[in-house]
Amino acid sequence: MLFDLLERLSSLTRVWFREHPLLTDLQPIQLSALMYLGRCNRYSDTPLAVTEYLGLTKGTVSQSLKALESKGLLIKRPDARDKRSVHLMLTPPAQALLDAVTPPDFLVAAAGRMGADAVVLEGLLLELLRNIQQGEDVPGFGLCRTCRFHQTVAGGAFCGLTQESLEPREIELICREHQTPDPA
Ligand code: SF4
């Protein structure tokens, strides 16, 4: 039953994106890469991280990233410390596109109609995801503020793993290094 519900919701979402007039020029995988890059932090915006997040082959992701670059939706920026490594940055048109199509209108409307129940549901789905990540060998990719390395130092957010300060907006982003706190 749970699987049927998740599958139906995924299917509705896929169809909604496929039929959106602003997305006729984008393949589903290209949109998925854009959505990930719009939500990930600076440790997670590499081609390898996109590949791991989407669970696809390097070649497939590489082709999609090239296509996004040629459409002017993505630029590559060399890492300041390691010149062999690149970061993938969304361009302003890509950000504007994501702002226009996410989250899907039908989902926002339904959540609005559900009111407080939608907040409860979101918490339960987060619990489901955490449970799966703890029980299976899947890459972390969690929200920074829920990570066991997340700390507050001198009143600001701080990453205990990289030993770097985090900007307030970064704690709401997805990180490939995320680790779920041990249960108390
Ligand atoms: S605190 Fe965790 S999730 Fe946040 S940047 Fe550090 S490793 Fe990533």
Side-chain angles (χ1 to χ4, degrees), residues 6 9-10 13 29-58 60-62 64-65 68-69 73-92 94-99 101-104 107 111 118-184:
L6 292 175
L9 288 168
S10 307
T13 306
I29 175 182
Q30 295 168 1
L31 176 62
S32 296
L34 282 187
M35 286 197 288
Y36 169 72
L37 289 168
R39 292 285 291 118
C40 74
N41 70 6
R42 62 186 130 131
Y43 308 120
S44 316
D45 57 1
T46 62
L48 180 60
V50 179
T51 305
E52 286 176 359
Y53 185 81
L54 297 180
L56 298 168
T57 65
K58 270 189 198 170
T60 306
V61 172
S62 171
S64 299
L65 295 177
L68 289 171
E69 225 181 331
L73 296 172
L74 202 65
I75 51 172
K76 286 182 182 157
R77 185 172 294 166
D79 185 88
R81 286 176 256 187
D82 178 3
K83 297 292 180 208
R84 291 164 305 172
S85 175
V86 293
H87 296 274
L88 302 166
M89 323 282 296
L90 295 187
T91 60
Q95 193 56 61
L97 180 63
L98 287 183
D99 290 345
V101 301
T102 60
L107 188 58
V119 179
V120 175
L121 177 63
E122 192 177 320
L124 289 172
L125 287 172
L126 181 60
E127 203 178 313
L128 174 66
L129 176 62
R130 279 201 193 132
N131 204 297
I132 292 169
Q133 286 175 328
Q134 281 166 354
E136 306 294 324
D137 182 21
V138 293
F141 290 108
L143 273 192
C144 183
R145 69 177 150 80
T146 67
C147 175
R148 76 182 179 91
F149 298 117
H150 187 263
Q151 301 169 8
T152 301
V153 174
F158 188 81
C159 174
L161 180 69
T162 63
Q163 294 291 301
E164 291 182 326
S165 297
L166 301 168
E167 292 171 25
R169 60 174 282 279
E170 289 184 292
I171 67 175
E172 296 298 331
L173 298 178
I174 297 172
C175 180
R176 72 186 292 238
E177 306 293 350
H178 178 279
Q179 286 188 25
T180 305
D182 293 329

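Just so you know, these numbers use all the heavy atoms, side chains as well, and skip hydrogens, waters and symmetry mates. Each ligand, and each atom within it, is numbered from 1 in the order the structure gives. The model shown is predicted, which means the values in this text are computed figures rather than measured ones.
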Are any side-chain N or O atoms of His87 and backbone N or O atoms of Asp45, one a donor and one an acceptor, separated by less than 3.5 Å?
-> no

Asn41 touching ligand 1 at heavy-atom level, < 4.0 angstrom = yes

Please check if the side chain of Thr51 supplies one atom and the backbone of Lys58 the other of a donor-acceptor pair under 3.5 Å.
-> no

Total protein N, O or S atoms, atom 2 (Fe) of ligand 1, separation less than 2.8 Å = 1

Spatial distance of atom CD (Gln179) from atom CG (Leu161) [nearest 0.5 Å] | 7.5 Å

Salt-bridge test for Arg81 and Asp79: reply yes if a basic N is under 4.0 Å from a carboxylate O, no otherwise.
-> no

Any chance you could lay out the side chain to side chain donor-acceptor pair (under 3.5 Å) test for Gln95 and Asp99, step after step, and finish with the verdict?
-> CA-CA 6 Å; Gln95 193 56 61; Asp99 290 345; 3.3 Å; yes

Glu122, CD: over 12 other non-hydrogen atoms inside 6.0 angstrom = no

Within reach of ligand 1, part of Leu143 (heavy-atom separation under 4.0 Å) = neither

Short list, please: which atoms of ligand 1 are under 4.0 Å from a heavy atom of Tyr43?
-> 5 (S)

Within the distance-only criterion (no hydrogens, no angle test), does the side chain of Glu136 pair as donor or acceptor with the backbone N or O of Gln133 below 3.5 angstrom?
-> no

